[in-house]
Amino acid sequence: MFLRHLRSTLNTLNIAPIRFHDLRHSHASFLLYNDVSIEYVSKRLGHKNTRVTLDVYAHLLKEKKQSQRELALNFLNVKSPNVPK
């Protein structure tokens with residue numbers, strides 16, 4: 001029933017067909033990219049533990065780590081006028 005409704009909705013909106021599992025994966029990726037904790041996402045997906053989630057989504061976390069590193073370095077390289085010398 002759900003899959004039929006999903007297909008109908010996608011068709012009505014002129015969106016290419018997508019599997020339910022792909023939506024699940026996109027949802028998890030979106031949450032992780034937006035800094036939702038791995039523990040929460042793992043539980044939300046029903047994974048046995050966070051190791052399962054990390055194995056599947058490690059590539060996203062590596063990308064996020066790089067962007068966080070760049071953000072931190074940019075922040076540290078900017079001199080703030082409010083910081084005492």
Open item on the list: Just to verify, what does N49 make a side-chain hydrogen bond (donor to acceptor under 3.5 Å, both in side chains) with, not counting sequence neighbours?
Closed with: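 Checked N49 against side-chain hydrogen bond (donor to acceptor under 3.5 Å, both in side chains); zero matches.
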
Fill in: Qualifying residues under side-chain hydrogen bond (donor to acceptor under 3.5 Å, both in side chains), relative to T53, sequence neighbours excluded
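T53: side-chain hydrogen bond (donor to acceptor under 3.5 Å, both in side chains) contacts with S42, H47.
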
Is it possible for you to say whether L54 and V52 belong to one hydrophobic cluster, with membership spreading through side-chain heavy-atom contacts below 4.5 Å?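 Per the 4.5 Å side-chain linkage, L54 and V52 are not co-clustered.
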
Quick one: side chains of residues 27-35, donor-acceptor pairs under 3.5 Å with protein atoms, not counting sequence neighbours, listed by atom name and distance.
{"unit_1": "H27", "atom_1": "NE2", "unit_2": "R44", "atom_2": "NE", "d": "2.9"}
{"unit_1": "S29", "atom_1": "OG", "unit_2": "H25", "atom_2": "O", "d": "2.9"}
{"unit_1": "N34", "atom_1": "ND2", "unit_2": "F30", "atom_2": "O", "d": "2.8"}

- [ ] If a pair satisfies salt bridge (charged side-chain N to carboxylate O under 4.0 Å, His left out) and one of its residues is in residues 19-28, list it, with sequence neighbours excluded.
- [x]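 Those involving residues 19-28 are R19-D22.
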
- Summary of salt bridge (charged side-chain N to carboxylate O under 4.0 Å, His left out) pairs that have at least one residue in residues 51-61, sequence neighbours excluded: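 Output for this query lists R51-D55.
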
Side-chain donor-acceptor contacts of residues 1-15 below 3.5 Å, not counting sequence neighbours, with atom names and distances?
{"unit_1": "T9", "atom_1": "OG1", "unit_2": "H5", "atom_2": "O", "d": "2.9"}
{"unit_1": "T12", "atom_1": "OG1", "unit_2": "S8", "atom_2": "O", "d": "2.9"}

